[in-house]
Chemist: 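Got a structure for you, questions after.
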Amino acid sequence: MKPVRVRFAPSPTGELHLGGVRTALFNWLFAKHHKGKFFLRIEDTDPVRSRKEYEEQICDSLKWFGLQWDGPIVFQSQRLVDYKAAIRKLLETGKAFRCFCSPDKLEKDRKQAPKGGRDYRYPGTCKNLSLEEQKRRLNQGEPFAVRLKIPRGVISFNDQIYGNIRVKNSEIDSFIISRSNGSPTYNLVVVVDDHFMGITHVIRGDDHLTNTPKQILIYKVLGFDIPKFAHLPMILGPDKRRLSKRHGATGIQAFRWQGYLPQALLNYLVFLGWNPDTEQEIFTLDELVRKFHLQQVQKKAAIYDEKKLNWISGQHMVQMPAEALLSRIRELNPEWRKEENEDYLLKIVEIQKKRLKTLSEIMTHSNFFFDDPTSYDLKTARKRWGSEGVNFLIQDFMARLEIMEEWSVGLLESELRKFCEERGISSSKLIHPVRLALSGVPHGPSLFLMMEMLGKVTCLRRLKTALEKLPITVES
RNA sequence: GGCGCGUUCGUCUAGGGGUUAGGACGUCGGCCUCUCAAGCCGGAAACACGGGUUCGAUUCCCGUACGCGCUACCA
């Protein structure tokens with residue numbers, strides 16, 4: 001068995017999206033599983049749409065995910081000589097021919113053809129031009145495209161995922177492999193690149209399934225070894241349509257800035273179309289490398305589901321040590337609470353990671369650990385602190401807190417409960433207003449934990465402020 | 001239109017000639033509880049349709065419908 005060599009070959013014409021990441025992931029996992037190589041090839045042969053910034057964004061994303069590629073990046077735009085050589089060879093061996101038909105004319109013919117040109121095929125006008133005529137037109141400087149001659153027969157190949165695929169050659173039009181401006185087209189270029197890169201397994205989206213027979217034709221005609229193919233089903237948006245800009249945060253960087261962990265995203269993505277033979281759902285990358293194989297890949301397109309992503313994200317957060325989470329948060333936002341004590345931050349992260357789904361949520365839902373509330377949730381204020389009576393209760397309770405010498409979760413809880421018992425009220429009558437006073441919002445971690453972390457001075461100060469501002473009496 | 005591919009709960013999926021069609025997310029209900037989460041327990045929820053083959057088909061075959069892809073001098 002030859003050592004496995006695979007590639008991920010995005011074109012830098014847009015942001016990397018979920019589908020692209022999954023293709024990269026499956027390639028990477030396959031390579032790692034077989035101790036092979038994973039290459040990155042930038043398909044930048046479309047100078048109009050290709051952009052340097054997308055190229056950089058793609059590389060950044062892959063690195064962020066930890067999907068590191070082997071060797072230097074291959075740029076198609078720098079490999080023109082090989083494509084030209086291949087085209088020349090096909091011309092010389094008579095496997096391809098020059099076509100002098102102008103694009104405009106072909107376009108017009110197509111439009112005039114029945115059924116709006118859907119059935120239109122290249123009529124073979126230039127297929128059998130004599131050598132003399134070709135020379136004459138060449139000498140006149142007529143531009144020409146190069147088309148592949150399609151032999152009779154049937155192309156069949158065994159897709160690692162879809163199984164046996166057979167297509168009659170007669171279904172394939174004599175397609176262009178070199179444009180009249182001299183630039184090679186996609187199907188030619190992929191084949192030449194994959195050959196020279198020594199690619200053994202072509203793993204890509206199933207939108208290429210029907211391109212494969214054309215490419216096999218080129219492999220044959222060029223005398224190249226044909227690699228194995230594996231086509232991955234598409235990922236669709238919630239509307240069951242192809243993933244696109246319309247689906248909001250489709251560009252993968254957006255997920256990053258929303259505070260998802262890369263390994264959580266990969267974990268989610270790997271289950272879109274694949275499953276191990278276990279009921280385990282949460283995996284590390286290493287585990288995936290060990291378990292991954294192509295046999296269990298689905299043929300059906302999968303729909304992206306944010307709910308499940310969130311769940312997986314939460315699971316990964318719980319498993320991750322607070323230190324690691326904090327440094328991820330720092331990558332997201334270096335400014336976040338940077339003046340605060342590190343241990344204090346770690347404690348907060350430790351508490352919050354169990355209850356939240358993303359890094360961003362940790363940042364946005366933790367303000368009360370640092371800042372005194374500037375306002376109180378109105379609904380909760382009405383419900384939990386509806387009358388002056390609460391103020392008296394809080395006042396008394398504050399007096400009790402003042403004299404506490406040790407400020408700990410356990411003591412705070414027993415103190416509060418004792419206090420309520422003495423008064424014959426349920427402890428929630430006090431807990432809720434205190435929570436509101438301390439955080440301004442109705443929910444958060446355990447009240448006693450919060451109190452301990454905030455410390456005596458802060459708690460008393462916030463309670464005092466609340467006494468001044470609550471209850472809210474303004475009608476609305 | 002032609003060709004290729006696909007179709008199991010809302011979603012991701014397991015399964016495969018005889019199963020109470022399994023799990024997960026979500027959802028609903030309960031427990032726990034200082035709130036929100038988490039956790040635990042329980043419920044509802046699927047084999048696209050029509051024909052074969054067969055004692056039996058969700059599973060195999062053929063159609064139909066629907067969806068996706070390709071059908072470009074895009075990649």
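Proteins get letters first, then strands, A, B, ... in listed order; numbering begins at 1 in each.
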Chemist: Looking at A:Lys456, I want to see if its NZ is surrounded by more than 12 non-hydrogen atoms of other residues, nucleotides or ligands under 6.0 Å.
Modeler: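 Yes, the 6.0 Å shell around NZ holds more than 12 heavy atoms from other groups.
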Chemist: Please determine whether a side-chain nitrogen or oxygen atom of A:Gln315 lies at a distance below 4.0 Å from atom OP1 or OP2 of B:C25.
Modeler: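 Looking at the OP1 and OP2 atoms of B:C25, neither is under 4.0 Å from any side-chain N or O of A:Gln315.
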Chemist: Base of B:C73, side chain of A:Ser180 - is there a donor-acceptor contact under 3.5 Å?
Modeler: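 It does, because a donor-acceptor pair links the side chain of A:Ser180 to the base of B:C73 below 3.5 Å.
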Chemist: Taking only side-chain nitrogens and oxygens of A:Arg204, does any of them come within less than 4.0 Å of OP1 or OP2 of B:A75?
Modeler: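 Looking at the OP1 and OP2 atoms of B:A75, neither is under 4.0 Å from any side-chain N or O of A:Arg204.
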Chemist: By nearest atom, which of the nucleotides B:C73, B:A75, B:U7 is closest to the A:Thr45 side chain?
Modeler: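 The closest nucleotide is B:A75.
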Chemist: Indicate, with a heavy-atom threshold strictly under 4.0 Å, whether A:Asn275 touches base, sugar-phosphate, or nothing.
Modeler: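 Contact class for A:Asn275: sugar-phosphate only.
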Chemist: Heavy atoms only, 4.0 Å cut-off, all strands: where does A:Ile303 land among base, sugar-phosphate and nothing?
Modeler: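 Sugar-phosphate, no base atom in range.
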Chemist: Does the structure show a Watson-Crick or G-U wobble partner for B:U58, both distances under 3.5 Å? Name it, or say none.
Modeler: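 Paired with no nucleotide.
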Chemist: Please identify each residue that fulfils ring pair (Phe, Tyr, Trp, His ring centres under 6.0 Å) with A:His432, with sequence neighbours left out.
Modeler: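 Once residues adjacent in sequence are excluded, A:His432 has no partner under the ring pair (Phe, Tyr, Trp, His ring centres under 6.0 Å) criterion.
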Chemist: Taking any heavy-atom pair under 4.0 Å as a contact, classify A:Glu413: base, sugar-phosphate, or nothing.
Modeler: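 Here A:Glu413 touches no strand at all.
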Chemist: For B:A37, does the base pair up with any side-chain atom of A:Lys354 as donor and acceptor (N or O, under 3.5 Å, distance only)?
Modeler: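 Flag unset: no donor-acceptor pair detected.
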Chemist: Do any side-chain nitrogens or oxygens of A:Gln296 fall under 4.0 Å of OP1 or OP2 in B:G15?
Modeler: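 Yes, within the criterion.
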Chemist: Using a cut-off of 4.0 Å on non-hydrogen atoms, how would the nucleic acid contact of A:Gly273 be classed: base, sugar-phosphate, or nothing?
Modeler: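 Counting heavy atoms under 4.0 Å across all strands, the contact made by A:Gly273 is with sugar-phosphate only.
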Chemist: Go through A:Trp407 and A:Leu454 one step at a time and tell me if the side-chain contact (heavy atoms from CB on, under 4.5 Å) criterion holds.
Modeler: CA-CA 10 Å; A:Trp407 194 261; A:Leu454 290 171; over 6 Å; no
Chemist: In whole Å, what separates the C1' atom of B:U58 from that of B:G18?
Modeler: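 Between the two C1' atoms, the distance is 12 Å.
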Chemist: Sort out the partner of B:G42 for me: Watson-Crick or G-U wobble, both distances under 3.5 Å, none otherwise.
Modeler: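 Paired with B:C28.
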Chemist: A:Tyr162 has a side chain; which of B:G2, B:G4, B:G6 sits nearest to it?
Modeler: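 Ranking B:G2, B:G4, B:G6 by closest atom to the A:Tyr162 side chain puts B:G6 first.
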Chemist: Sticking with atom P, work out how far B:C40 lies from B:A24, rounded to a whole angstrom.
Modeler: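 To the nearest whole Å, 10 Å.
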Chemist: A:Phe283: what forms a ring pair (Phe, Tyr, Trp, His ring centres under 6.0 Å) with it, not counting sequence neighbours?
Modeler: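 A:Phe271.
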Chemist: So what does A:Leu272 touch, heavy atoms closer than 4.0 Å: a base, only the sugar-phosphate, or nothing?
Modeler: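 Since only primed, P, OP1 and OP2 atoms lie under 4.0 Å of A:Leu272, the category is sugar-phosphate.
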Chemist: Look at A:Lys240 and B:C66 and indicate whether a side-chain polar atom (N or O) is within less than 4.0 Å of OP1 or OP2.
Modeler: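 No.
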Chemist: Using a heavy-atom cut-off of 4.0 Å across all strands, would you classify A:His208 as base, sugar-phosphate, or nothing?
Modeler: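 Answer is base: heavy atoms of A:His208 come under 4.0 Å of a base.
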Chemist: A:Asp277 has a side chain; which of B:G15, B:A37, B:C34 sits nearest to it?
Modeler: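 Looking only at heavy atoms from C-beta outward on A:Asp277, the closest nucleotide is B:G15.
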Chemist: Ignoring hydrogens and angles, does a donor from either the side chain of A:Ser446 or the base of B:C34 sit under 3.5 Å from an acceptor on the other?
Modeler: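 A donor-acceptor contact between them is present.
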Chemist: Take atom P in B:G4 and the same atom in B:U19, then report the distance between them in whole Å.
Modeler: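 Roughly 36 Å separates the two P atoms.
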Chemist: Looking only at side-chain atoms of A:Lys214, point me to the closest of B:C34, B:A37, B:C70.
Modeler: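 Ranking B:C34, B:A37, B:C70 by closest atom to the A:Lys214 side chain puts B:C70 first.
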Chemist: Heavy atoms only, 4.0 Å cut-off, all strands: where does A:Ser427 land among base, sugar-phosphate and nothing?
Modeler: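 Here A:Ser427 touches no strand at all.
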Chemist: Which is true for A:Lys168 with a 4.0 Å heavy-atom rule: it touches a base, it touches only sugar-phosphate, or it touches nothing?
Modeler: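 Here A:Lys168 touches no strand at all.
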